[in-house]
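Shown next, in C-alpha cells, is the structure this report addresses.
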Amino acid sequence: MAERLEKLRGQLDVLNMELLALLNKRAEITEEIGKVKAERGMEIYDPIRERQQLENLVDANEGPFGDDTIRHLFKQIFQASAGLQQQEKEKEQKYLVSRKTRMASTVVTLNGIEIGGGQQHIVAGPCSVETPSQMDAVGKLLQQQGIRMMRGGAYKPRTSPYDFQGLGVPGLQLLRETADRYGLTAISEIVNPSDVEMACDYLDVIQVGARNMQNFELLKAVGSIRKPVLLKRGLSATIEELMMAAEYILSRGNDQIILCERGIRTYEKATRNTLDISAVPILKQETHLPVMVDITHSTGRRDIIVQMAKAALAVGADGIMLEVHPDPSVALSDAKQQLDFDQFSTFMDGLRSSGFIKSDRATVRLPV
Ligand code: PEP
Ligand code: MN
C-alpha cells in the first residue's frame, strides 16, 4: 500500500515538473506577445481572445475537473500572463520627465538666472497684483534685498466665486512694468489655455497653479510655448501625478519646467497644508527638472517660515517662493499668510545669519 502511494506521489512530482516547464514556456510566449503589442501600441488585455481560449478549453475538457474549475484555473494563468505583458510594456515606456531618459539636470535659464544649475533662488511678491503703489513698493523691496524674481497673481483661482478674482490683463501689465522698473523677472499664474500666448508678452515664467495641475488643456498649451513654466503640485496630487503633469508639457516640446512643491491636503490642521519635504529629493532623483518649494502656501504660517525655508534649502530645493505685501491686513487674497516688509526683512536676515544667503545677493547656498 505504502509502495503504491509512493509511486503515485512520484508520478505527481514528475507531472508538477512538466506543468512547471509548460507554464514557463507559455509565459515566454506571452512575454513575446507583450513586446509585439507594446511595439504596435496595442492594449494588453484582450477580453475576446481570453473568452475564446476559455471556450476552447471547456469544449475540450473531459474531466475529472468540472468546467468551472477549468475556467478558474486558466483565468489565474491568464492573469499571471497579463501581469508579465504589463511589465514588458512598462519596461518599454520611457518618460521624458524621468532621469533615466535624461541624466543631466535641466537648467531653466531666464535673463541670466539659472534655476537648477546648483544655485538656489528666491521668488517673492504679493499673492495678488492689486495696485501700482503696492507693486512698486514690493518691487523696490525685492531689489533692495537682491531678489531677482517677482511673483504676483493676476488670475486668482479662488475657492469662492465672490472672492477677488484678480485684475486680469491690467494685472499682468502692472507686474511687467514693475519687474522692468526694478530689473526683475515676472512670474504669474495663467488659468485659461487661451490666455497662454497673450501672457507670454508680459511674463518670463508662466505659473500653472495647484488647482490646475491636471487641467490637461492648460498643460498642453504651456507645453506648446517656449517659455519657462512653474508647475505646482496639486492639492491632493501624488508625486507621480505631478511628474505626469510635467510629462504633458515635455511631450509638447517645452522642457523649461520648474516643479513646485506647495504642500498637500492631509488631516493636519495646524498648517494650511502639509509641506511634503520628502517630495523634493524624490523629484530631484526621479526627474531631471529643477524643484522649488512654496513656503507660504504650504504652511500658511508666518511664524515658522524661516524654518521651512531652511528645510527646503537644506533638502536641495533649487529655490523657494514666498508672499510679501506692504500691508497684508488689507490684501485682497491670502491676507493671513503674507509677510509685511518688516517680517520679510527679518526673514531674509534669518537666512543670512545662518549662512543660507551669499552676501547681499539673493542666491542662497547651503552652509558648508
Ligand atoms: C499662488 O501661488 O498664487 C497660488 C494660488 O498657489 P497654489 O496654486 O499653490 O495654491
Ligand atoms: Mn496666495
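Since this is a predicted model, take the numbers as computed values, not measurements. All ligand and atom numbering here is 1-based and tracks the order in the structure.
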query: Which residue and non-hydrogen atom of the protein lie closest to atom 8 (O) of ligand 1, and at what distance in Å?
result: A210 N, 2.7 Å

- prompt: For R181, does the CZ atom sit with more than 12 other heavy atoms under 6.0 Å from it, leaving out its own atoms?
  reply: yes

statement: In terms of heavy-atom contacts, E130 and L332 come closest through OE2-N, 2.8 Å

- prompt: Would you say K156 touches ligand 1, if touching means a heavy atom closer than 4.0 Å?
  reply: yes

Atom nearest to the Mn ion (ligand 2) - D334, N, O or S atoms considered: OD2

query: Which of the N/O/S atoms in E323 sits closest to the Mn ion (ligand 2)?
result: OE2

query: Taking Q145 as the fixed residue, which of F344, F347, F341 is the one that meets the side chain to side chain contact (heavy atoms under 4.5 Å, CB included) rule?
result: F344

field: D294: which of R262, R233, K232 passes side-chain hydrogen bond (donor to acceptor under 3.5 Å, both in side chains)
entry: K232

- prompt: Taking NZ, NE, NH1 and NH2 as the nitrogens, is one of them in E323 or R151 under 4.0 Å from a carboxylate oxygen of the other?
  reply: yes

query: How wide is the angle at the Mn ion (ligand 2) between SG in C127 and NE2 in H297, to the nearest 10°?
result: 160°

Side chains of R99 and S105, donor plus acceptor under 3.5 Å: yes

- request: Going by heavy-atom distance to atom 6 (O) of ligand 1, choose the closest among R262, K232, R211, E261.
  value: K232

- prompt: Does a donor on one side chain sit under 3.5 Å from an acceptor on the other, for H325 and D334?
  reply: no

- request: Considering the heavy atoms of G209, write down every atom of ligand 1 situated less than 4.0 Å from one of them.
  value: 8 (O)

message: Using heavy-atom distances only, which candidate in R158, E189, R151 approaches atom 3 (O) of ligand 1 most closely?
response: R151

Numbered atoms of ligand 1 (with element) below 4.0 Å of H297, judged on heavy atoms: 1 (C), 2 (O), 3 (O), 4 (C), 6 (O)

query: Taking distance alone, with no angle check, do M321 and ligand 1 share an N/O pair under 3.5 Å?
result: no

